[in-house]
Amino acid sequence: MSILKKSLFLLVISLLLTACGYRPSAYYAKKEMDGNVFVKLNVRLEDPKNSVLVKDAMNKILIQRLDSRIVSDEKLADVKMDLSISSIGFSVLQYDNAGYNKLYKAVVVVKVDYTRVDNEVKKSFTVEGEHDFSVDDGTTITESKRYDAIVNASNKAVDEILSRIAVASFR
């Protein structure tokens, strides 16, 4: 009986040590974005300043989190990525006692298309980033508050792109 217990114990230990092979989503996203990456931005004519924010945030994530090499020539790219802001919207979340708007939500929707040159399969998805902010003095959104809200919502949308790339790598 003790040999059976020892064998069972060794089996359980070996299963625990080999585990299930879990890998974080960044591993798969890194694998999918391996090599030279060309990022093309489709500028939104209504909001060109904020469109550039999305590309900068995407480049930062590709470099810092995935160790990708950003190239400026599309011919040198292993991965071609197109980014565009589909929409930017604001909605009121809360009113004060006098009925004035005090809390807003900014929503930025980013459309992503990318293709690996080696397999030519185009993958597309949209991501959404949200940011809640308050208007302290007055009831209108100032240009600086609007800009900051769009920056924060864009950063949240771009953060979600990594997990969507990881999921898309399985298709």
Side-chain angles (χ1 to χ4, degrees), residues 20 22-34 37-72 77 79-116 121-171:
C20 62
Y22 167 78
R23 291 191 174 139
S25 63
Y27 170 83
Y28 298 104
K30 187 174 187 175
K31 200 171 170 184
E32 186 77 1
M33 293 287 126
D34 189 36
V37 180
F38 175 76
V39 180
K40 178 182 170 191
L41 173 69
N42 299 316
V43 177
R44 183 184 160 118
L45 296 177
E46 301 88 25
D47 218 355
K49 178 172 66 171
N50 294 317
S51 295
V52 175
L53 292 173
V54 172
K55 182 177 180 183
D56 291 343
M58 189 68 221
N59 285 345
K60 182 179 175 184
I61 283 182
L62 286 170
I63 292 168
Q64 290 180 349
R65 293 192 191 168
L66 301 181
D67 296 326
S68 296
R69 292 178 302 280
I70 305 297
V71 294
S72 58
V79 178
K80 297 175 186 176
M81 181 179 280
D82 292 328
L83 299 174
S84 61
I85 293 180
S86 297
S87 66
I88 297 173
F90 291 89
S91 59
V92 179
L93 295 178
Q94 183 179 15
Y95 298 93
D96 67 1
N97 293 338
Y100 292 109
N101 307 337
K102 288 298 178 185
L103 188 62
Y104 289 89
K105 174 184 286 197
V107 179
V108 175
V109 178
V110 178
K111 184 174 186 316
V112 180
D113 298 318
Y114 75 93
T115 307
R116 287 207 52 87
V121 176
K122 184 177 184 178
K123 298 179 182 178
S124 299
F125 54 86
T126 58
V127 292
E128 187 175 287
E130 299 177 349
H131 178 69
D132 299 340
F133 64 101
S134 63
V135 179
D136 299 326
D137 46 343
T139 59
T140 59
I141 302 172
T142 63
E143 185 63 29
S144 64
K145 287 265 189 190
R146 179 181 184 280
Y147 179 78
D148 290 341
I150 292 172
V151 167
N152 289 320
S154 297
N155 286 336
K156 290 176 184 175
V158 169
D159 281 342
E160 189 180 327
I161 289 174
L162 287 184
S163 61
R164 296 295 298 270
I165 288 172
V167 170
S169 72
F170 293 110
R171 294 185 203 147

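Positions are given from 1, in the same order as the sequence printed here.
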* To do: Check whether any side-chain heavy atom of D113 lies under 4.5 Å from a side-chain heavy atom of K122, and answer yes or no.
  => yes
* **Spacing of L93 atom CG and F133 atom CZ [to the nearest 0.5 Å]** => 9.0 Å
* Out of curiosity, D34 CG to R116 CZ, how far, rounded to the nearest 0.5 Å? -> 6.0 Å
* Is it true that a side-chain atom of R146 and a backbone atom of A106 form a donor plus acceptor pair closer than 3.5 Å? -> no
* **Rounded distance (nearest 0.5 Å) linking atom CD of E128 with atom OG of S87** => 7.5 Å
Name the atoms and distances for all side-chain donor-acceptor pairs under 3.5 Å in residues 147-157, with sequence neighbours left out.
from	atom 1	to	atom 2	distance (Å)
N152	ND2	H131	NE2	3.3
N152	ND2	D148	O	3.1
S154	OG	I150	O	2.7
N155	ND2	V151	O	3.3
K156	NZ	E130	O	3.2

* Find out whether Y104 and D132 are in side-chain contact, i.e. whether some heavy atom of one side chain is under 4.5 Å from a heavy atom of the other. => no
* Quick one: CD1 on I165 to CE on M81, what's the gap to the nearest 0.5 Å? -> 4.0 Å
* At their closest point, which heavy atom of T126 faces which heavy atom of R164, and how far apart are they? -> O-NH1, 3.0 Å
* **Rounded distance (nearest 0.5 Å) linking atom OG of S72 with atom CZ of F38** => 8.0 Å
* Asked: Say you draw a straight line from CD1 of I63 to CD1 of I70; how long is it, rounded to the nearest 0.5 Å?
  -> 5.0 Å
